[in-house]
S.K.: 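Please find one structure pasted underneath; my questions will follow.
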Amino acid sequence: GQDLFGDWIVVLNYGRIGTRGQTRTVLVANEAAAKNYVRQCLKRRARAPKRVGVGYTVKKLSSVWTDLEEDIAVGS
C-alpha cells in the first residue's frame with residue numbers, strides 16, 4: 001500500500017507454522033519498484049526446496065497484485 005507521502009510500503013510476513021515468524025517492511029518509490037521487490041522475494045522463496053528442503057506457500061496476496069500470481073504458480 002501507499003503511505004501519506006505517496007511512497008509504497010511492502011510488508012512481507014514469513015516463518016514456520018506455529019511461530020510468530022518474521023516481518024520485513026520495505027519502503028520503495030513507486031508501484032513498479034514494489035512489484036519488482038515482491039517478485040524477487042517470491043523467486044527466492046520458490047527456490048527454497050533446493051536450499052532448505054521445504055517449499056513455501058503463499059497464504060495471502062493483495063488483490064491489487066494479481067499479475068504476480070503467475071510468478072507464484074510457476075515458481076519462476
Side-chain angles (χ1 to χ4, degrees):
Q2 286 183 290
D3 65 6
L4 295 174
F5 301 107
D7 291 326
W8 282 81
I9 300 170
V10 179
V11 179
L12 299 169
N13 299 308
Y14 53 94
R16 289 182 168 202
I17 296 172
T19 65
R20 243 178 33 170
Q22 297 179 16
T23 299
R24 179 180 291 174
T25 303
V26 178
L27 186 66
V28 294
N30 55 40
E31 184 178 6
K35 286 185 179 183
N36 187 40
Y37 180 78
V38 171
R39 188 172 282 115
Q40 288 176 353
C41 290
L42 291 174
K43 285 182 180 181
R44 179 166 166 75
R45 297 287 172 214
R47 292 190 305 263
K50 293 179 184 174
R51 292 182 294 112
V52 296
V54 179
Y56 284 85
T57 302
V58 176
K59 296 291 185 182
K60 183 178 176 184
L61 185 65
S62 173
S63 61
V64 177
W65 300 57
T66 55
D67 59 329
L68 292 176
E69 288 179 0
E70 294 175 7
D71 291 339
I72 296 168
V74 295
S76 59

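Side chains are part of it too, since the values below use all heavy atoms of this structure and drop only hydrogens, waters and symmetry mates. Heads up: numbering here begins at 1 and tracks the sequence.
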S.K.: Can you confirm whether V11 sits close enough to N13 that some side-chain heavy atom of one is under 4.5 Å from a side-chain heavy atom of the other?
M.R.: yes
S.K.: Specify the closest pair of heavy atoms between L12 and C41, including all atoms of both residues, with the distance to one decimal.
M.R.: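 Of all heavy-atom pairs spanning L12 and C41, the closest is CD1-SG, 3.4 Å.
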S.K.: Look up atom CG in L27 and atom CD in Q2, then write down how far apart they are to the nearest 0.5 Å.
M.R.: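 It is 11.0 Å, given to the nearest 0.5 Å.
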S.K.: Considering residues at least two apart in sequence or located in another chain, which fulfil the side chain to side chain contact (heavy atoms under 4.5 Å, CB included) criterion with V26?
M.R.: R24, V28, Y37
S.K.: What's the shortest heavy-atom distance between A29 and W8, and which atoms?
M.R.: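 What the structure gives for the nearest pair is O-CD1, 4.1 Å.
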S.K.: The criterion is side chain to side chain contact (heavy atoms under 4.5 Å, CB included); which residues satisfy it with T19, sequence neighbours excluded?
M.R.: R16
S.K.: Nearest 0.5 Å, what's the CD-NZ distance between E31 and K35?
M.R.: 4.5 Å
